[in-house]
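Right, one structure below, let's go through it.
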Amino acid sequence: MSENLPPCPKCSSEYTYEMNALMVCPECGNEWVAAEGAADDADASGERVVRDAVGNVLTDGDTVTVVKALKVKGSPSGIKAGTKVRNIRLVDGVDGHDIDCRIDGFGPMQLKSSVVKKA
């Protein structure tokens, strides 16, 4: 076992160990990816981290590309994969929709960060 393992982000236990690609806490049973610990520290400081489908961190004002075709209620065509969306705004939306934007030809919409890629 290595002496440089991070403590558990949930219970702060120092008895963590590695299991394949995961870090495991034997006291509370929490499992996490070791690189995710840095993101948890950002969350603890009050910042909300939103990541795209590839894992890039998104910020207000970014330009993103839709990675898969999306159906839109009331529209016969929907949004095609590859559509660029400029000047996004991160919000606490309903049902996982955390991007507020305006798409040319459709108007204002909310998207999930899991269906976009940072351009």
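For the residue pair Val24 and Glu31, the shortest heavy atom distance occurs at CG2-CG, 4.1 Å. The two atoms that bring Pro6 and Thr16 nearest to each other are O-OG1, 2.8 Å, heavy atoms only. Residues Pro7 and Trp32 come closest through the heavy atom pair O-CZ2, 3.8 Å.
Residue pairs meeting the salt bridge (Lys or Arg N to Asp or Glu O under 4.0 Å) criterion with at least one partner in residues 110-119, sequence neighbours excluded, are Asp62-Lys118.
Side-chain contact between Val33 and Leu22 is present, with at least one heavy-atom pair separated by less than 4.5 Å. Considering only heavy atoms from C-beta on, Cys101 comes within 4.5 Å of Leu111 through its side chain.
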message = One pair to check against side-chain contact (heavy atoms from CB on, under 4.5 Å): Asp52 and Val64. What are the steps and the verdict?
response = CA-CA 9 Å; Asp52 66 3; Val64 295; 5.9 Å; no
ask   = Run the side-chain contact (heavy atoms from CB on, under 4.5 Å) check on Glu18 and Met23 step by step: do they pass?
value = CA-CA 5 Å; Glu18 286 183 282; Met23 300 295 299; 3.4 Å; yes
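Asn56 contributes atom CG, which lies 11.5 Å from atom OG of Ser113 (distance to the nearest 0.5 angstrom). If you take CG on Leu58 and CD1 on Ile99, they are separated by 5.5 Å, rounding to the nearest 0.5 Å.
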Please list every donor-acceptor pair under 3.5 Å in which a side-chain atom of residues 85-97 meets a protein atom from a residue at least two apart or in another chain.
unit_1 : atom_1 : unit_2 : atom_2 : d
Arg89  : NH2    : Asp100 : OD2    : 2.5
Asp92  : OD1    : Arg48  : NE     : 3.3
Asp92  : OD1    : Arg48  : NH1    : 3.3
His97  : ND1    : Val94  : O      : 2.9
His97  : ND1    : Asp95  : O      : 3.4

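A continuous path of Ile, Leu, Val, Met, Phe, Trp and Tyr side chains, each step under 4.5 Å between heavy atoms, connects Leu70 with Phe106, placing both in one hydrophobic cluster.
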